[in-house]
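Here the structure is laid out as structure tokens; the discussion comes afterwards.
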Amino acid sequence: MGQWPASILQGARSENTLAGLPDDMKAPYWDILLPAWGGVELLTSDVVQDELGRRFAIGAAEITPLGWRLTALQEQA
């Protein structure tokens, strides 16, 4: 879905990268807030992309009365 408004905020958690090299930076988790859209269901492992081309893999998706609340890990380029 294009042009879906979202709030993408860096979360407080991070995780080691898969390479596991000593100088690797930790990959941050992101909190993504989206309005609910009829007939659209977001699932764990779905991928979302923002207008900057960053891709995020959904780790948790929760529908609330205010819309979707996602926890996602930014995919490496």
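- What you find for L34 and P5 is that their closest heavy atoms are CD2-O, 3.5 Å.
- Closest non-hydrogen pair, Y29 versus T71, comes out as CD2-CG2, 3.7 Å.
- In this structure, CG in L42 is found 9.5 Å from CD1 in I32, a value given to the nearest 0.5 Å.
- At distances below 3.5 Å, at least one donor-acceptor pair connects side-chain atoms of W4 with backbone N or O atoms of P35.
- Smallest separation of non-hydrogen atoms from R69 and L33: CG-CD2, 3.7 Å.
- Summarising the geometry of A72 relative to F56, their closest heavy-atom pair is CB-CB, 3.7 Å, with the distance given to 0.1 Å.
- Annotation: side chain of I58 is in contact with side chain of V48 (closest heavy-atom distance under 4.5 Å).
- Residues Q74 and W30 share a closest heavy-atom pair of OE1-NE1, 3.4 Å.
- Considering every non-hydrogen atom in both D46 and L43, the closest pair reads OD2-N, 2.8 Å.
- Under a hydrophobic clustering in which Ile, Leu, Val, Met, Phe, Trp and Tyr are joined whenever their side-chain heavy atoms come within less than 4.5 Å, directly or via other members, V47 and V40 fall into different clusters.
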